[in-house]
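Here is how names work: the chains are called A, B, and so on, in the same order as the sequence lines, proteins then strands, and each is numbered from 1.
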Protein chains: 2
Amino acid sequence: MTAADRVYQIIKTRILNGQYPAGSYVREATIGQELELSRTPIREALRRLVSDGWVEAIPHHGARVVAWTQRDVEEVFELRVLLEPQVVRRAAPRINAECLTALDDLAEQMEALCESGDDASVDEIAQLNNRFHAELVAAADSPRLQRLLETIVQIPVSRRSFHRYTRSELHCSMQHHRELIRALSLGDGEWAASVMRAHILAARAAQLRPAAGDEEAREPALRRRLHRA
Amino acid sequence: MTAADRVYQIIKTRILNGQYPAGSYVREATIGQELELSRTPIREALRRLVSDGWVEAIPHHGARVVAWTQRDVEEVFELRVLLEPQVVRRAAPRINAECLTALDDLAEQMEALCESGDDASVDEIAQLNNRFHAELVAAADSPRLQRLLETIVQIPVSRRSFHRYTRSELHCSMQHHRELIRALSLGDGEWAASVMRAHILAARAAQLRPAAGDEEAREPALRRRLHRA
DNA sequence: GGACATAAAGTTGTATGCAATGCTTCTCGA
DNA sequence: TCGAGAAGCATTGCATACAACTTTATGTCC
């Protein structure tokens, strides 16, 4: 792993943490001396982040962390509604027993955490959910589809999404997982695709709904970022 | 425009021309001394080409021009069948008269060239067709959708595709354009999306069809696979 | 007081040199 | 003759220095 790779990861993490807030500039020299590296690997990392859509390059002015608008979020969901069902449509005839078992395990763990319902569990559920989707993408066996999804499903959106679910919505989401597994185990791609479509549209509804008041207190910056239009 | 931008364009063009054949290595130093530039801007251009999927980076071995397999082509069409209809679905309620006029002009020019039917015309039709699709993408007004399509619809595939059309298929394609314009002018997104889906599937069929009969001798197994669907 | 011009500072863009890494080839030994 | 190891070579990875460009601030002139 090269230095540029590490820098790429570090900057990405910092953007997610809010350490580099949306709209702020990421200076090559600043990070360079902080990480004790020259500007060269930082430049390369920033270029990758630009092409991945995390920051935007302003000519002769630096790399600015992109600010997500409501419209951006809607755009992403519009594309996910198309692409994620395609993932399971492809996965259905290709998936093997081993993968199905893994999905089953993940679903079970998520359901268990869903019962407790505290805030730490929600974060853990989000992680497991990411692994669930990653398993599906792997089963779809389409490098381009995988790359497209990685490009658009940026974690700033999906990460906090579970916190916006009501209890019943969370339950519904768990049901989707189970139904997906059933459809996939029967090799029924269209069934699976329909469930996935509902799954994404449910996430979209929760995401686009105005947040509860506590969200504002807990993470005002993020909320503003998401709601700015 | 920076030197790196120019190098990016130059290399891309050369890949399209076949000047850099698939599987060959693009050396930083070689291009550098040829264009009388240092390796730095060439490096940057190559990185962008890697992230755009034109070349692949082999660690410590250089940048290799990607070789397209039949499977890659199928993957791309599978995604285009999803994304391109979405373009016109979005465009339908957003398109304005000016854009419709432009589309009409393009369609007319293509039809005129279609009549002559010689080989030079086919190239010209391909160019006009690209502009036609570009107009639609612009009307869709979705930067992410645009970027996704630019990423996957790489010219190596779409460029020669018209040469594979029979005369009647070419005529069919022109009909699609007209029908698209009608649907869009009425604001009927689903109609437009259906036409576009047929348009892409027709292109796919022509593309995946064995070229001139030599394909059969060369790779009979492949042909069977292609005709199964 | 305002506007324009000039200069200075800060940032990215490029060149060059050196270090590190992986592969190939040649040689030596069994 | 075959295999293993070491050396050399080619290439990328990184650091540093310099150039070009843009913005901003300040001073002067109207």
[X]: what forms a ring-ring contact (aromatic ring centres under 6.0 Å, His included) with it, not counting sequence neighbours?
X	answer
B/Tyr25	none
B/His133	B/His199
A/Tyr8	none

Euclidean distance, atom [atom1] of residue [X] to atom [atom2] of [N] [Å, nearest integer]:
X	N	atom1	atom2	answer
A/Tyr25	C/dT12	OH	P	10 Å
A/Leu46	C/dT12	CG	P	8 Å
B/Ile31	D/dT11	CD1	C1'	14 Å
B/Arg47	C/dG13	CZ	P	17 Å
B/Ile42	D/dG13	CD1	P	14 Å
B/Arg48	C/dG13	CZ	P	11 Å
B/Glu56	D/dT12	CD	P	14 Å
B/Glu28	C/dT21	CD	P	17 Å

Among all residues two or more places apart in sequence or in another chain, which pass the side chain to side chain donor-acceptor pair (under 3.5 Å) test with A/Ser142?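 A/Ser142 satisfies side chain to side chain donor-acceptor pair (under 3.5 Å) with B/Glu75 only.
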Q: Sequence neighbours left out, what passes side chain to side chain donor-acceptor pair (under 3.5 Å) with A/Arg89? Give chain and number order.
A: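 A/Arg89: side chain to side chain donor-acceptor pair (under 3.5 Å) contacts with A/Gln86, A/Glu190.
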Letter by letter from the 5' end, nucleotides 14-20 of chain C scores (B base, S sugar-phosphate only, - none; protein heavy atoms under 4.0 Å) BBB----
(request) Using only side-chain N and O atoms of B/Arg64, determine if any of them is under 4.0 Å from OP1 or OP2 of D/dT11. (result)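 Checking D/dT11 against B/Arg64, no side-chain N or O comes under 4.0 Å of OP1 or OP2.
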Heavy-atom side-chain contact between A/Pro143 and B/Arg71 under 4.5 Å: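 Yes, side chains in contact.
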